[in-house]
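Before any comments, here is the structure.
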Protein chains: 2
Amino acid sequence: MNISEAAKLSGLSAKTIRYYESIDLISPPRRAANGYRRYGEADIASLCFLRQARQFGFSIDQCRLLLGLYKNPQRRSAEVHQLVSDKLEEVDAHIRELADTRELLANLVGACANDEDADCVIIDRLAGQKEQA
Amino acid sequence: MNISEAAKLSGLSAKTIRYYESIDLISPPRRAANGYRRYGEADIASLCFLRQARQFGFSIDQCRLLLGLYKNPQRRSAEVHQLVSDKLEEVDAHIRELADTRELLANLVGACANDEDADCVIIDRLAGQKEQA
DNA sequence: CTAAGCCTTACAGCAACAGGAAGGTCAAGA
DNA sequence: TCTTGACCTTCCTGTTGCTGTAAGGCTTAG
């Protein structure tokens, strides 16, 4: 099948598929006589795998590792488990960071007069000099 | 003062300060006879303001607006309030998204045998075809 | 005189694509 | 047969917010 059908089946865009090929994330597919890319079932499976992994938040490099494990029948599930728990920690850290930011913002929102005056606690706080902490 | 002292006082890097100038986020400072940038107190205040705003998660474009309000004595605090509540919603949305991802990952981690076997529920789930939902 | 430590500009690169230009190909209809 | 539209190809640019590096000039101490 051509790239647009591969895109439809995998849920990725044709652009993305070509991009994945350009960075050697997937192997180059066969080409038809006219130069068009031809994809088979195994290709589609890899593309679906990648779409899922990306949706789970894995970076391209992490996807590279996961795809390697996916294609390797000699893998140990412990390796996969390790990758995924690392990712989980990563996401947790990110959430904690955002939660902190969220609290700071909520404080600002609560402190602002929200009226027609020029006085603004938010501006004042943002203007605070660098703390020596 | 030269750029490196401005950097120290503001908490930004010299690179970042030059970058902010290049994208017209801050106005170009005066220059000494030798071509070096010279910064004054008002410049430092703007730079500190920007560092704080960035730490609060505001994008460069949002910082542009905030800085405009900061420098405008005719501002209405309601405008500032609006910008910050929008940002708060943005961050909340991001957190919700990450929380969803986190749950999915936690599920995977829990379901994996985590042993020397090649069988791996994680791989199986990631390999699932595109759902028609 | 030279070496360190500032400063300058300008270009390349990161992630993960999306958009668009310029052109080749293919199938269907008038 | 010609044309139209929908495919396909490659290549280049832009996104965000910088950081790194190169290649060179200024300044001050030894």
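Residue numbering restarts at 1 for every chain, and letters A, B, ... go by the order of the sequence lines.
- The OH atom of A:Tyr19 sits 9 Å away from the P atom of C:dC14 (whole-angstrom rounding).
- B:Tyr20 contributes no side-chain N or O that forms a donor-acceptor pair with the base of D:dG17 under 3.5 Å.
- Taking CG of B:Asp43 as the start and CD1 of B:Ile3 as the end, the distance is 11.0 Å to the nearest 0.5 Å.
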Please evaluate residues A:Ser46 and A:Leu67 with respect to the criterion side chain to side chain contact (heavy atoms under 4.5 Å, CB included), reporting the C-alpha separation (whole Å), side-chain torsions for both, the decisive distance (0.1 Å), and the verdict. CA-CA 7 Å; A:Ser46 290; A:Leu67 192 60; 4.3 Å; yes

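- Nearest to the side chain of A:Arg54, among C:dC17, D:dC8, D:dG17, sits C:dC17.
- One atom, CZ of A:Phe58, and another, C1' of C:dA16, lie 17 Å apart when rounded to the nearest Å.
- The shortest distance between the side-chain N/O atoms of B:Ser59 and the OP1/OP2 oxygens of D:dT16 is not below 4.0 Å.
- Here C:dC17 presents its P atom at 12 Å from CD1 of A:Ile26, a figure rounded to the nearest Å.
- The distance from atom CZ of B:Arg38 to atom P of D:dT27 is 11 Å, rounded to the nearest whole Å.
- Taking only side-chain nitrogens and oxygens, B:Ser4 comes nearer than 4.0 Å to OP1 or OP2 of C:dC7.
- The phosphate of C:dA16 has neither OP1 nor OP2 within less than 4.0 Å of any side-chain N or O from A:Thr16.
- Rounded to whole Å, atom C1' of C:dA18 lies 14 Å from atom CG of A:Leu12.
- Ring geometry for B:His94 against A:His94 counts as perpendicular: the plane angle is over 60°, on a 0 to 90° scale with 30° as the lower cut.
- If you measure from atom CD1 of B:Ile3 to atom C1' of C:dT9, you get 12 Å, rounded to the nearest angstrom.
- For the pair A:Asn2 (side chain) and A:Ser4 (backbone), a donor-acceptor distance under 3.5 Å is absent.
- Exactly one residue among A:Asp117, A:Asp115, A:Asn114 makes a side-chain hydrogen bond (donor to acceptor under 3.5 Å, both in side chains) with B:Ser77. That residue is A:Asp115.
- Looking at B:Lys15, its side chain has no donor and acceptor atom pair within 3.5 Å of the base of D:dG17.
- For the pair B:Arg51 and D:dG17, the criterion of a side-chain N or O lying under 4.0 Å from OP1 or OP2 is not met.
- With rounding to whole Å, A:Arg31 atom CZ is found 14 Å from C:dT25 atom P.
- For C:dC7, neither phosphate oxygen OP1 nor OP2 lies less than 4.0 angstrom from any side-chain nitrogen or oxygen of B:Asn34.
- Here C:dA16 presents its C1' atom at 16 Å from CZ of A:Arg18, a figure rounded to the nearest Å.
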